Structures are given as C-alpha cells and as structure tokens.
Number of protein chains: 2
Amino acid sequence: MISKRLSELRKKKQWSLQYIADQLNIAKSTYAGYESGYRQPSLEAVKELAILFGTTTDYLLGATDEEQPTIELTNAAFHMTVDGETVTEDEIVWLIAFLRAKRDIEKKK
Amino acid sequence: MISKRLSELRKKKQWSLQYIADQLNIAKSTYAGYESGYRQPSLEAVKELAILFGTTTDYLLGATDEEQPTIELTNAAFHMTVDGETVTEDEIVWLIAFLRAKRDIEKKK
DNA sequence: AAAATTGTTCGCGTTTCGCGTACATCCATT
DNA sequence: AATGGATGTACGCGAAACGCGAACAATTTT
C-alpha cells in the first residue's frame with residue numbers, strides 16, 4: 001500500500017529517488033526499497049515522508065483514500081502557509097476574489 | 001512518541017494490555033513493548049491501532065501534535081475547493097503568484 | 001558518443017521484531 | 001491474612017527485516 005502511494009506521489013512531483021533520499025538522509029537504495037515494497041520505512045520515515053509530500057500518514061498507510069480532506073477555502077478554518085509565511089484571513093479573501101474573477105474570465109472565452 | 005500516545009489512550013479507555021493484544025492478534029509482551037518504547041509496531045499494526053482507538057495514524061505517530069495541520073500551499077498535494085469547485089493545480093500556481101505579487105506590493109508601502 | 005543522472009536489484013552485516021517465559025504487583029474473594 | 005487470577009514489566013532467543021554500498025540497466029543531458 002505505502003509503496004504504491006509513495007511511487008504515485010513522487011511521480012506526480014517529478015522528484016528523483018536521490019532527491020527524496022537526500023531529504024530524509026537515507027540511501028537511495030533504501031528509499032527505492034520503500035517504493036518497490038522490498039522494505040518498509042520506519043515510523044519516523046513515514047512521518048517525514050508525509051511532511052515532504054504534503055500529505056498525511058493516514059494516506060501513506062492507506063488508512064484513508066484521501067490525500068487530504070477536501071477543504072472549502074471560503075470556510076477556511078485551517079492553517080496555511082506560502083513561502084513559509086502564514087496566509088492571513090485577509091489574504092484568503094483576496095485569493096478567493098482573484099480566483100472567482102479569473103474563473104469568470106475563463107468562462108467567457 | 002507513539003509509545004506515549006498508546007499508553008495515554010489505553011489508560012483513558014481503561015483497557016488491559018491483554019485486551020489490545022487479543023484484538024491485534026499479537027502477544028501481550030509484544031504490545032507491552034510498544035508502550036514501553038522497547039519495540040516499534042509495524043506499519044500495519046499502527047493502522048490497526050488507530051482504528052481500534054478511534055483515532056488517526058497521524059495522531060499516534062505524532063505527526064499532528066499541533067491542533068491544526070499547517071499546509072504549505074507551494075507544496076500542496078491536497079484537495080481544496082472554492083464555491084464547491086475543485087481548485088486545480090494550475091489555479092494554485094496562479095494563486096501563489098498572485099499572493100507573492102500582492103505581498104511584494106504591501107512591503108513597499 | 002560520452003558522461004551524467006536515474007532507477008533496480010542483491011548480498012552482507014546489523015538491528016530489531018515477536019514470542020515465550022519468568023516474575024512482581026494489584027485486587028477480589030474467602 | 002491467604003489464595004488465586006488477572007495485570008504489568010523485563011529479558012533471552014531465533015527469525016525477520018532493516019539500511020547500506022555496489023553493480024548494473026535505462027534514461028537523459030551534454
């Protein structure tokens with residue numbers, strides 16, 4: 001299960017095995033083992049991988065099929081950052097306005 | 001981390017080591033090892049424990065120590081909607097660009 | 001075409017797992 | 001107080017799985 005998820009996520013991100021191995025400070029072959037199903041990552045590694053991929057351990061382990069719960073931005077009651085800086089409530093309002101406007105333009109094309 | 005969480009949860013539920021061991025089909029001493037930190041459960045066991053305790057693997061592993069998960073948008077592998085419509089990956093790129101530009105302007109004021 | 005990067009597989013040494021066992025502790029019933 | 005049963009703790013053993021480096025194939029870059 002986890003091997004499939006890791007493989008999918010990495011391909012989506014177009015990351016190399018080496019890149020991920022470097023991030024976690026493990027050997028390339030070690031991470032490759034995770035994807036092939038030949039090895040199982042430690043609990044600590046699972047945690048780090050979830051963070052690296054921006055997903056949850058529940059998704060990696062197959063406890064859920066959702067990479068992330070679907071969030072309606074207009075109800076945003078969660079914490080989000082861009083470039084490490086918190087996205088403020090004001091900024092969210094701007095983002096929503098911007099997106100609505102952009103979608104409106106696309107529709108008229 | 002996980003040992004602490006398991007111990008807390010079990011005590012809160014007032015379950016015995018034996019009971020949990022029976023549920024997972026493992027030896028009492030094996031589960032005891034998880035709580036003492038002497039052993040680490042397999043990924044499969046973590047999944048089952050999360051279900052048994054009615055919690056998430058993220059909680060057991062301490063991936064969600066914080067009340068609300070922080071999500072870095074530029075790393076987004078998660079699902080988001082605005083007005084009920086999925087925010088596409090392309091749109092996220094636009095949103096990030098927009099926000100960066102806006103922040104830049106604010107700084108210069 | 002050569003060089004570099006990426007992905008796959010395997011053997012080896014080491015770590016750590018799961019189990020059974022032994023023992024201490026706590027409670028309830030007598 | 002004494003006894004029996006459930007509970008929690010610790011450890012040794014054999015087996016299983018880990019992480020690494022190395023070797024090689026496949027792909028991409030120069």
Side-chain angles (χ1 to χ4, degrees), chain A residues 1-65 67, chain B residues 1-65 72 74-77 89-90 92-93:
Chain A
M1 182 78 248
I2 190 168
S3 70
K4 210 179 95 208
R5 296 263 153 109
L6 289 175
S7 180
E8 285 167 2
L9 285 169
R10 186 177 60 85
K11 274 162 193 157
K12 186 148 73 170
K13 300 253 186 194
Q14 304 198 55
W15 290 345
S16 70
L17 298 175
Q18 188 68 63
Y19 171 73
I20 293 180
D22 288 343
Q23 298 303 306
L24 301 211
N25 264 317
I26 58 178
K28 178 182 63 164
S29 62
T30 298
Y31 177 75
Y34 299 163
E35 282 202 12
S36 73
Y38 185 62
R39 290 275 183 269
Q40 287 218 305
S42 71
L43 300 186
E44 189 56 31
V46 170
K47 222 162 90 179
E48 289 176 19
L49 284 166
I51 291 168
L52 184 61
F53 282 120
T55 184
T56 64
T57 65
D58 284 274
Y59 179 72
L60 290 184
L61 299 183
T64 174
D65 287 335
E67 276 189 29
Chain B
M1 184 77 247
I2 189 167
S3 70
K4 209 178 96 208
R5 295 264 154 106
L6 289 175
S7 179
E8 286 167 2
L9 284 168
R10 186 177 61 84
K11 274 159 193 158
K12 187 149 64 170
K13 299 247 184 198
Q14 304 199 48
W15 290 344
S16 70
L17 298 174
Q18 189 67 63
Y19 171 74
I20 294 180
D22 288 343
Q23 299 302 307
L24 301 211
N25 263 318
I26 58 178
K28 178 182 65 164
S29 62
T30 297
Y31 177 75
Y34 300 162
E35 282 201 13
S36 72
Y38 185 62
R39 291 276 183 266
Q40 286 218 306
S42 70
L43 300 186
E44 189 57 32
V46 171
K47 225 163 90 180
E48 289 175 20
L49 285 166
I51 292 168
L52 184 61
F53 282 119
T55 183
T56 65
T57 64
D58 284 276
Y59 180 71
L60 290 185
L61 299 182
T64 68
D65 214 322
E72 169 62 37
T74 53
N75 201 25
E89 288 188 28
D90 272 0
I92 289 176
V93 171

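Here is the naming used below: chain letters follow the sequence lines, and residue numbers restart at 1 for every chain. Please read these numbers as outputs of a predicted model, since none were measured by experiment.
Of the residues in residues 9-19 of chain B, B/R10, B/S16, B/L17 come within less than 4.0 Å of DNA chain D through at least one heavy atom, sorted by number.
Look at OH on B/Y34: it is 16 Å from P on D/dT9, rounded to the nearest Å. Atom CD of A/E44 is separated from atom P of C/dT16 by 14 Å (rounded to the nearest Å). Summarising the geometry, the separation between OH on A/Y31 and C1' on C/dT6 is reported as 13 Å, rounded to the nearest angstrom. Protein atom CG of A/L6 is 15 Å distant from nucleotide atom C1' of C/dG7, rounded to whole Å. Going from atom CD of A/Q40 over to atom P of D/dA16 covers 15 Å, rounded to whole Å. One atom, CG of B/D22, and another, C1' of C/dC19, lie 14 Å apart when rounded to the nearest Å. What separates CD of A/E48 from C1' of D/dG19 is a distance of 15 Å, to the nearest Å. Whole-Å rounding puts the A/I26 CD1 to D/dG21 C1' distance at 14 Å.
Checking side-chain atoms of A/R5 against main-chain N and O of A/Y59 turns up a donor-acceptor pair under 3.5 Å. Within the 3.5 Å criterion, the main-chain N or O of A/S36 finds no donor-acceptor partner in the side chain of A/S3.
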Please list each protein N or O that sits under 3.5 Å from an N or O in nucleotides 13-15 of chain D, with the distance.
none

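Partners of A/E48 under the side-chain contact (heavy atoms from CB on, under 4.5 Å) rule, at least two apart in sequence or in another chain, are A/L24, A/E44. The side chain to side chain donor-acceptor pair (under 3.5 Å) check on A/Y34 picks up nothing, with sequence neighbours excluded. Shown here are the side-chain contact (heavy atoms from CB on, under 4.5 Å) partners of A/Q18, two or more places apart in sequence or in another chain: A/S16, A/A21, A/D22, A/K28.
Between B/I2 and B/P41 the shortest heavy-atom distance is CD1-CG, 3.8 Å.
In this structure, B/S36 does not reach the D/dT9 phosphate: none of its side-chain N or O atoms is under 4.0 Å from OP1 or OP2.
Nearest-nucleotide positions on DNA chain D for B/K28 and A/P41 put B/K28 closer to the 5' end. Mapping B/A45 and A/E35 onto DNA chain C by nearest heavy atom places A/E35 closer to the 5' end of the strand.
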Once base and sugar-phosphate atoms are separated, protein heavy atoms under 4.0 Å mark nucleotides 25-30 of chain D, 5' to 3', with B, S and - as ------
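Taking NZ of A/K47 as the reference point, atom OG1 of A/T56 lies at 14.0 Å (rounded to 0.5 Å). Separating the CG atom in B/L43 from the CD atom in A/Q40 is a distance of 4.0 Å, to the nearest 0.5 Å.
Under the 4.5 Å side-chain criterion, counting only non-hydrogen atoms from C-beta, B/W15 is not in contact with B/L9. Contact check for B/L17 versus B/E35: side-chain heavy atoms found under the 4.5 Å cut-off.
None of A/K4, A/R10, A/K11 except one satisfies the side chain to side chain donor-acceptor pair (under 3.5 Å) rule with A/S7; the exception is A/K11. Tested against A/V46 for a side chain to side chain contact (heavy atoms under 4.5 Å, CB included), the candidates B/T57, B/D58, B/L61 yield a single pass: B/L61.
Distance from the side chain of A/A27 is smallest to D/dG21 among C/dG20, D/dG21, C/dT8.
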